Amino acid sequence: MINRIEKTFEKLKADGDKALVSFITAGDPNMEKSEQILCDLPKYGVDIIEVGIPFSDPMADGPTIQKSSNRAISAGSNLSKTLKIISKFRRINSKTPIVLMGYFNPIFQFGLEKFFNSCQKIGVDGIIVVDLPPEENELINVYTKKYDVHNIRLITPTTDKKRLRKILKFTSGFLYYVSITGITGTKAPNIKSVQDNIKKIKQATDLPIIIGFGIRSPAQATLMSNVA
């Protein structure tokens with residue numbers, strides 16, 4: 001499987017650059033503004049865009065993203081409308097990878113085959129299902145393969161070697177390293193700990209590793225770019 005994610009990392013590597021991955025919640029603060037933000041991000045150097053599917057109970061997320069989900073839901077955002085703004089984005093941008101990030105319930109309610117088929121049609125390159133453990137990965141694995149959508153998995157500071165092997169069995173595109181133990185945006189990561197853990201992960205895979213969850217400032221992003 002080769003899609004925009006591989007092409008982006010190949011170019012970044014050739015240029016000696018690191019990937020800047022930015023997250024937005026679809027529909028925050030409203031659909032029109034959200035669509036504008038999505039379309040503008042590549043102009044400001046964003047290499048890969050994570051689009052969050054609004055959800056009423058985002059248990060992995062801290063207050064900032066929880067509030068963004070609540071605003072989006074209040075503005076009428078849902079999975080169908082999320083796919084719609086990505087479809088509009090693809091009319092003007094065919095190069096920047098889009099990764100949908102969210103929770104299993106909205107995807108399951110939408111219909112798994114319908115969801116992944118839609119992802120392929122509109123140009124979604126990867127999916128991060130935050131609350132789907134590797135033990136349940138078979139629920140989506142058949143569809144990610146069928147519709148060429150990368151199944152991007154989370155790795156945490158507490159992931160041991162045995163579980164890492166299990167996670168890597170189904171992972172493609174890149175690995176998302178959760179830099180803290182806890183929810184998003186609540187504390188700063190320890191650079192030495194992140195560095196040590198990524199070295200261990202790199203011994204098991206050649207996949208690119210993106211660092212997230214604890215990145216709240218340009219200074220932190222710069223620091224982590226030396227490790228990712």
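Just so it is clear, the model here is predicted, and its values are computed rather than measured.
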Indicate whether the side chain of Ser225 and that of Thr222 have a donor and an acceptor atom separated by less than 3.5 Å.
->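 Note: Ser225 and Thr222 side chains miss the donor-acceptor criterion.
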Distance only, no hydrogens: is a donor on one side chain within 3.5 Å (strictly under) of an acceptor on the other, for Asn151 and Asn137?
->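 The criterion, which ignores hydrogens and geometry beyond distance, is satisfied for Asn137 and Asn151.
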Test item: [X] side-chain N/O and [Y] main-chain N/O as donor-acceptor pair under 3.5 Å:
X      : Y      : answer
Ser118 : Lys114 : yes
Thr8   : Arg4   : yes
Lys18  : Ala228 : yes
Ser69  : Pro54  : no
Asp47  : Leu20  : yes

Could you point out which residue of Glu113, Lys121, Gln120 forms a side chain to side chain donor-acceptor pair (under 3.5 Å) with Tyr147?
->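 That would be Glu113; it is the only one of Glu113, Lys121, Gln120 passing the side chain to side chain donor-acceptor pair (under 3.5 Å) with Tyr147.
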Going through the checks in order, is the side-chain contact (heavy atoms from CB on, under 4.5 Å) test met by Ile98 and Thr96?
-> CA-CA 6 Å; Ile98 293 284; Thr96 304; 5.5 Å; no
Closest heavy-atom contact between [X] and [Y]?
X      : Y      : result
Val124 : Val149 : O-CG2, 4.1 Å
Ser34  : Gly27  : OG-N, 2.9 Å
Pro157 : Val178 : CD-O, 3.0 Å

Intermediate values then yes/no, salt bridge (charged side-chain N to carboxylate O under 4.0 Å, His left out), Lys84 and Glu35 | CA-CA 9 Å; Lys84 187 175 180 179; Glu35 182 182 330; over 6 Å; no
Are Phe104 and Val51 connected in a single hydrophobic cluster, I mean Ile/Leu/Val/Met/Phe/Trp/Tyr linked by side-chain heavy atoms less than 4.5 Å apart?
->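 Yes.
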Given salt bridge (charged side-chain N to carboxylate O under 4.0 Å, His left out), test Asp40 with Lys43 step by step and report yes or no.
-> CA-CA 5 Å; Asp40 282 348; Lys43 301 176 187 177; 3.0 Å; yes
Glu32 CD: over 12 foreign heavy atoms closer than 6.0 Å |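 Count not over threshold, so no.
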Passes salt bridge (charged side-chain N to carboxylate O under 4.0 Å, His left out), Lys192 versus Asp196? Steps please.
-> CA-CA 6 Å; Lys192 181 65 167 59; Asp196 291 344; 2.8 Å; yes
Basic-acidic side-chain contact under 4.0 Å: Arg90, Asp125 =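 Between Asp125 and Arg90 there is a salt bridge, with a charged N closer than 4.0 Å to a carboxylate O.
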Could you label the plane-to-plane angle of the Phe116 and Tyr143 rings as parallel, tilted or perpendicular, counting under 30° as parallel and over 60° as perpendicular?
->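 The rings of Phe116 and Tyr143 lie parallel, inter-plane angle below 30°.
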Start with the C-alpha distance between Ile127 and Ile152, add both sets of side-chain angles, then the distance that settles side-chain contact (heavy atoms from CB on, under 4.5 Å), and finish with yes or no.
-> CA-CA 6 Å; Ile127 177 74; Ile152 298 160; over 6 Å; no
Begin with the C-alpha distance, continue with both residues' side-chain angles, and end with the deciding distance and a verdict on side-chain contact (heavy atoms from CB on, under 4.5 Å) for Thr82 and Leu100.
-> CA-CA 9 Å; Thr82 298; Leu100 274 175; 3.7 Å; yes
Run through Thr171, Ile128, Leu168, Val129 and flag the one making a side-chain contact (heavy atoms from CB on, under 4.5 Å) with Arg153.
->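 Among Thr171, Ile128, Leu168, Val129, the one that satisfies the side-chain contact (heavy atoms from CB on, under 4.5 Å) with Arg153 is Thr171.
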Pi-cation contact, Phe9 with Lys7 (under 6.0 Å, within 45°) =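 That pair does not qualify as a cation-pi contact.
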Check against side-chain contact (heavy atoms from CB on, under 4.5 Å), Ile53 and Met101 | CA-CA 6 Å; Ile53 302 167; Met101 188 169 188; over 6 Å; no
Side chain to side chain, Lys161 and Lys200, heavy atoms closer than 4.5 Å |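 Counting from C-beta outward, Lys161 and Lys200 never come under 4.5 Å.
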